[in-house]
Amino acid sequence: MRVGIGHDTHRLVEGRPLILAGVTIPHPRGLMGHSDADVVMHAVADALLGAAALGDIGEHFPDTDPRWKGIAGRDLLAQVYEMVRSRGWVAVNIDVTIHAQSPKLSPYKQTMAAHLAETLALNLSDVNVKAKTGEGVGPVGLGEIIGCDAAALIRANQFD
Ligand code: MG
């Protein structure tokens with residue numbers, strides 16, 4: 001078994017949709033990025049790459065490459081997981097903490113977990129999504145950014 005951690009942060013700006021773990025959340029602002037800026041999918045992808053010692057998403061999906069412009073976080077995570085699986089690993093469980101002052105994420109946590117579980121072929125009981133505010137201070141608390149931390153456990157797939 002191996003463990004990996006991932007982190008991602010994107011700036012909140014006007015004129016962009018807010019997409020977290022593949023859920024489009026009604027909000028006056030969204031996350032800026034070359035892709036869909038889905039911090040949750042990106043943090044989980046990095047956690048999986050970390051566990052498998054395969055680098056980070058910046059190496060595999062450089063934002064200078066037009067191929068990845070607007071790529072959905074879910075597709076990116078699916079591609080990363082394909083890479084991880086091809087090295088003989090499967091995911092065991094995923095834990096995520098989203099850092100956002102607003103909007104309130106509790107109504108969306110189950111759907112976010114379902115999207116992660118679906119993308120990684122896990123049971124819903126193997127995926128956990130938590131949300132924290134920034135207590136009104138710092139870049140999270142002032143609503144300048146949304147961040148995400150993720151941990152992933154993988155195990156060798158003895159059936160491959
Ligand atoms: Mg990102």
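Atoms within a ligand are numbered from 1 in the order they appear, just like the ligands themselves.
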Could you measure the distance from the CG atom of Asp75 to the CH2 atom of Trp68? Nearest 0.5 Å is fine.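 Reported to 0.5 Å precision, the distance equals 10.0 Å.
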Check whether Tyr108 and Val127 end up in the same hydrophobic cluster, where Ile, Leu, Val, Met, Phe, Trp and Tyr are linked by side-chain heavy atoms less than 4.5 Å apart.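 Yes; Val127 is reachable from Tyr108 via cluster members.
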A quick test of your reading: do over 12 heavy atoms of other residues, nucleotides or ligands sit less than 6.0 Å from CD of Glu59?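 Counting neighbours around CD of Glu59, more than 12 heavy atoms of other residues, nucleotides or ligands fall under 6.0 Å, so yes.
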For Ile5, does the CD1 atom have more than 12 heavy-atom neighbours from other residues, nucleotides or ligands under 6.0 Å away?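 12 or below, so no.
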If I compare all heavy atoms of Gly73 with all of Asp38, which pair ends up nearest, and what's the gap?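 Minimum heavy-atom contact is CA-CB, 4.1 Å.
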Give me the atom names and distance for the closest heavy-atom approach of Thr111 to Val23.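 Scanning both residues completely, I find the closest heavy atoms to be CG2-CG2, 4.0 Å.
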Do any protein N, O or S atoms sit under 2.8 Å from the Mg ion (ligand 1), and which ones are they?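 As for protein N, O or S atoms lying under 2.8 Å from the Mg ion (ligand 1), they are Asp8 OD2, His10 NE2, His42 ND1.
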